[in-house]
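Single-structure report; data block below.
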Amino acid sequence: MTSEMVAPTWMHTRISAEQYDSWSEEQCAGIEIVDGTVVVTPSASKRHNRPARILANALDAAAGPDWNADTDFDVRLQDVPLTNRRPDVVVHRAETIDITPTRPEHVLLVAEIVSPGSETTDRVVKVDQYAKAGIPFYWRIEQAPTGVPIVYTYVLDPATKAYRDGEMFTGVIKAAAPFYVAVDLGTV
């Protein structure tokens, strides 16, 4: 069996922003584009999706009318080469809900739930990409062996375009600038 039989030919060529924008939602589901190359991500487990949903619901409720929190939401980090990420949770300006693509300037916070296989990407690669794009806040949620999530927060230093460490929480998220949220992620 050849790789052509496993993956469509479009996965072997560089994808432009115009090409990606012409694809259907079904074609875009479960993929990210990094430096013009399609990256297929496996379907997330229930253990992965649950804290993302809980966090998005809490952030959405705390954000008020000016901000929305969503899951399964594309963020266009750059057009050339195309880098389009799909963070686990995105907090974005409410008035930009119908603007496509969602750009970093529309986004306040992105959160990634670390899963087996995504450790390096979520701890190193995405941190750098989100910082360079200018997204003010990055949260990384680790699912500890005890079952209690650990939340690492990062705040962008606009001068260096790098994140500095924020607070670390276990199980309870206490604050999210510029709004306050308290949510018990519990043992998931």
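The basis for the numbers below is simple: all heavy atoms, side chains too, and nothing from hydrogens, waters or symmetry mates. The chain is numbered in sequence order, starting from 1.
- Cluster annotation: Val155 is connected to Leu55 through the hydrophobic network of ILVMFWY side chains, with a link wherever side-chain heavy atoms come within less than 4.5 Å.
- Arg85 has a carboxylate O that lies under 4.0 Å from a charged side-chain N of Glu32, or vice versa, which qualifies the two as a salt bridge.
- Rounding to the nearest 0.5 Å gives a distance of 5.5 Å between CD1 of Ile135 and CG of Leu77.
- Between Tyr163 and Pro136, the shortest heavy-atom contact is CE2-O, 3.8 Å.
- Salt bridge Glu142/Arg123: present, at least one basic N to carboxylate O contact under 4.0 Å.
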Problem set entry | Val39 and Ile33: CA distance, side-chain angles, deciding distance, side chain to side chain contact (heavy atoms under 4.5 Å, CB included) verdict | CA-CA 6 Å; Val39 177; Ile33 310 292; over 6 Å; no
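- Donor-acceptor pairing under 3.5 Å is lacking for the side chains of Tyr20 and Gln27.
- No donor-acceptor pair under 3.5 Å is formed between the side chain of Thr121 and the backbone N or O of Ser118.
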For this session: Evaluate side chain to side chain contact (heavy atoms under 4.5 Å, CB included) for Thr37 paired with Ile15, printing each intermediate quantity in order.
Result: CA-CA 6 Å; Thr37 302; Ile15 305 300; over 6 Å; no
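- Going from atom CD1 of Ile54 over to atom CD1 of Ile141 covers 11.0 Å, rounded to the nearest 0.5 Å.
- Here the CZ-CZ distance, from Arg103 to Arg93, works out to 15.5 Å after rounding to the nearest 0.5 Å.
- Proximity of a side-chain donor or acceptor of Asp79 to a complementary backbone N or O of Ala17 within less than 3.5 Å is not detected.
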Problem set entry | Worked verdict on Ile97 versus Asp70 for side chain to side chain contact (heavy atoms under 4.5 Å, CB included) | CA-CA 10 Å; Ile97 187 89; Asp70 287 300; 4.1 Å; yes
For this session: Report the C-alpha separation of Glu112 and Lys126 in whole Å, then their side-chain angles, then the decisive distance to 0.1 Å, and conclude whether the salt bridge (charged side-chain N to carboxylate O under 4.0 Å, His left out) test is met.
Result: CA-CA 9 Å; Glu112 295 287 355; Lys126 288 184 179 182; 3.3 Å; yes
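- Of the candidates Val127, Leu156, Thr153, Tyr138 forms a side-chain contact (heavy atoms from CB on, under 4.5 Å) with just one, namely Val127.
- The pair Asp72-Arg86 meets the salt-bridge criterion, with a side-chain N (NZ, NE, NH1 or NH2) lying under 4.0 Å from an Asp/Glu carboxylate O.
- Closest approach of Pro81 to Gly36, counting heavy atoms only: CB-N, 4.0 Å.
- Taking 4.0 Å as the cut-off between side-chain N and carboxylate O, Lys161 and Asp157 do not count as a salt-bridged pair.
- With contacts defined as side-chain heavy-atom distances shorter than 4.5 Å, the pair Thr83/Asp35 qualifies.
- Pro104 and Ala133 make their closest contact through CB-O, 3.3 Å (heavy atoms, listed as atom of the first residue, atom of the second, distance).
- Asp21 and Arg76 are joined by a salt bridge, as a carboxylate oxygen and a charged side-chain nitrogen come within less than 4.0 angstrom of each other.
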Exercise. Passes side chain to side chain contact (heavy atoms under 4.5 Å, CB included), Trp139 versus Val110? Steps please.
Worked result: CA-CA 6 Å; Trp139 288 3; Val110 292; over 6 Å; no
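- In this structure, CG in Asn68 is found 7.5 Å from OG1 in Thr96, a value given to the nearest 0.5 Å.
- When all heavy atoms of Ala162 and Ala131 are compared, the closest pair comes out as CA-CB, 4.0 Å.
- In terms of heavy-atom proximity, Asp122 sits nearest to Ile113 at OD2-O, 3.4 Å.
- Taking all atoms of both residues into account, the shortest heavy-atom contact from Asp60 to Ala69 is OD1-N, 2.9 Å.
- Summarising the geometry, atom CG belonging to Leu108 is positioned 9.0 Å from atom CG belonging to Leu59; distances are rounded to the nearest 0.5 Å.
- Atom CH2 of Trp67 and atom NE2 of His106 lie 10.5 Å apart (nearest 0.5 Å).
- The hydrophobic clustering, which links ILVMFWY residues whose side-chain heavy atoms are closer than 4.5 Å, places Tyr154 and Met168 together.
- Note on Val75: it does not cluster hydrophobically with Ile99, by side-chain heavy-atom contacts below 4.5 Å among ILVMFWY residues.
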Exercise. Where do Glu167 and Tyr152 land on the side-chain hydrogen bond (donor to acceptor under 3.5 Å, both in side chains) test, with the steps shown first?
Worked result: CA-CA 6 Å; Glu167 296 186 50; Tyr152 299 89; over 6 Å; no
